[in-house]
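Read the structure below first, then the notes.
Numbered from 1 within each chain, the chains take letters A, B, ... in sequence-line order.
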There are 2 protein chains.
Amino acid sequence: MTGHATIAESLREEGYRLTPQRMMILAIIYDSEGHLSAEEIHQRVRQQYPFVDISTVYRTLNLLKKLRFITETDLGDECVRYELVDKGRHHHLICRQCGASFALEHELLAPLAPRLLEKYGFAADLDHFAIFGLCQQCRPEGPALAAKKGQQHGDA
Amino acid sequence: MTGHATIAESLREEGYRLTPQRMMILAIIYDSEGHLSAEEIHQRVRQQYPFVDISTVYRTLNLLKKLRFITETDLGDECVRYELVDKGRHHHLICRQCGASFALEHELLAPLAPRLLEKYGFAADLDHFAIFGLCQQCRPEGPALAAKKGQQHGDA
DNA sequence: ATGCATGCAAATTGTTTGCACTTCA
DNA sequence: TGAAGTGCAAACAATTTGCATGCAT
C-alpha cells in the first residue's frame, strides 16, 4: 500500500472514519511536492469531487494536524501551508520584499534543538521553520538597512 | 527627550505627521515590556482616548512597521505581536500545549545569520523568532513523541 | 442502526479600505 | 490652506460552527 494509504490506515486505527474526502485530501497532500494552502487543497479536491466543501478541508486538516500526520507552517501574511511530516525536514527562507521562497536544509538548524533542550528544557519542533529576510536580488546595498528606503507615503 | 519621543521625531523627519494617536500608540509600545497585539494596543489607547479607532491602530502599526521602528512577530494561530526594534534582540519559545512563552537570548541564534548569508546569499531578519515546541512541564514523556497521544475525538 | 462526518450557510475574527471630515504642518 | 490622518462603517478573507442529512463501520 502506498504512502497516503498507510496514513489513511493509521487514521482508522485511531478510531476515525475513512471517508473519500479524507482519502483524497490525504492523497493530494501526499502527492504534492510542495506546501499547499487550504484553498489549494480545496481546489484540487474539487477537480475530482466538486461537492467537497472548504469546511471539510479545514476539518480534515485540523484532524491530520492534531494527529501530527501533517504540519502547518504559518508563513505570515495570511499564508498557511500544510504538508506531510515525513517529507523530510526542511525550512523556508522567505524574502520579505519579493516574496520568493527558498528551501533550507535541516542541517543548519539541527544543532539548535539539543541546545534548546539542555539549556531551557524546551523540546523544539524544528520540523518546519520560516525565516524571513531579504534574498540576494532584493538587497542591492548589502545586508544591513536594505529596506529602510521603502516606498513613500502611499501605504504598502 | 525620552525614547518614544525620539522615534516620534524621526517620524516627522521622514515627512509624516505627528498626531496624538500616533504618539500614544508609540508611547504604549515603548512602555510595554512585552509584545502587544493590535487589539491590546487599541485597548490601552482607548483608556486615555476613547475615540481612537482600531483601523487607526492598524494603519499606524503598518506605518511603523514599514519604517522599521517596530517589528511584527507572527506567533501563528492568529496571534500577531508588535514591539520596538531596539528593545534588544530576543526570541520566543512557545509551548504548543500550554501556550506559555519563554524568552530566548539572541546568542543561540546569532550564528545562523552569517551562515545563511554566505551559503544562500540570504540576509535573514533574525530580530525576532518564534520557536514552537513543548515546554518542560508539558513533555512528561521525554522530548520525542510527547504529543502523539492527543485528546480523543473531541476537537482540540 | 448508530453516530461520526459532511455540506451548506451563517457566524466569527482579524485586518483593510472608501469616504467625508478633521487637523497638523 | 491643503494634503495627510482620522473615524466610521462596510468590505474582506480565512477559518469555524450549528444543524439536518448521509454514509462508514
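The two residues A:Ser37 and A:Arg81 come nearest to each other via the heavy atoms N-CD, 3.4 Å. Heavy-atom minimum distance, A:Leu61 versus A:Ile70: O-CD1, 3.6 Å. Taking all atoms of both residues into account, the shortest heavy-atom contact from A:Val57 to A:Ala38 is CG1-O, 3.9 Å.
In DNA chain C, stems built from 3 or more consecutive Watson-Crick or G-U wobble pairs, each with both distances under 3.5 Å, span C:1-25 with D:1-25.
Rounding to the nearest 0.5 Å gives a distance of 12.0 Å between CE of B:Met23 and CD1 of B:Ile7. In this structure, the separation between CD1 on B:Ile131 and CG on A:Leu109 is 8.5 Å, given to the nearest 0.5 Å. Atom OG of residue A:Ser32 and atom CZ of residue A:Arg44 lie 6.0 Å apart, to the nearest 0.5 angstrom.
Within the 3.5 Å criterion, the main-chain N or O of A:Val52 finds a donor-acceptor partner in the side chain of A:His42.
A:Gln43 pairs by the side-chain hydrogen bond (donor to acceptor under 3.5 Å, both in side chains) definition with A:Glu39, not counting sequence neighbours.
Within the 4.0 Å cut-off from OP1 or OP2 of C:dT23, not a single side-chain nitrogen or oxygen of B:Gln21 is found. A sub-4.0 Å separation between OP1 or OP2 of D:dG7 and a side-chain N or O of B:Thr56 is present.
In this structure, B:Ile41 atom CD1 and C:dT15 atom P are separated by 11 Å, rounded to whole Å. Remark: C1' of D:dG5 and CG of B:Leu11 are 12 Å apart, rounded to the nearest angstrom. Distance A:Tyr49 OH to C:dC8 P: 12 Å, rounded to the nearest Å. Summarising the geometry, the separation between CZ on A:Arg81 and P on D:dA14 is reported as 11 Å, rounded to the nearest angstrom. Look at CG on B:Asp53: it is 13 Å from P on C:dT16, rounded to the nearest Å. Note: CG (B:Leu61) to P (C:dG14) measures 14 Å, nearest angstrom. Counting to the nearest Å, the C1' atom of C:dC21 and the CZ atom of B:Phe51 are 15 Å from each other. Here D:dA4 presents its C1' atom at 16 Å from CD of B:Glu14, a figure rounded to the nearest Å.
Mapping B:Ala38 and A:Ser55 onto DNA chain C by nearest heavy atom places A:Ser55 at the nucleotide closer to the 5' end.
The side chain of A:Arg59 lies closest to C:dG7 when the candidates are C:dG7, D:dC8, D:dT15.
Tested against A:Leu64, the residues A:Phe69, A:Tyr16, A:Tyr82 include a single side-chain contact (heavy atoms from CB on, under 4.5 Å) partner, A:Phe69.
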Under a 4.0 Å heavy-atom criterion, the protein footprint on nucleotides 20-25 of chain D, written with B, S and -, is --BBBS
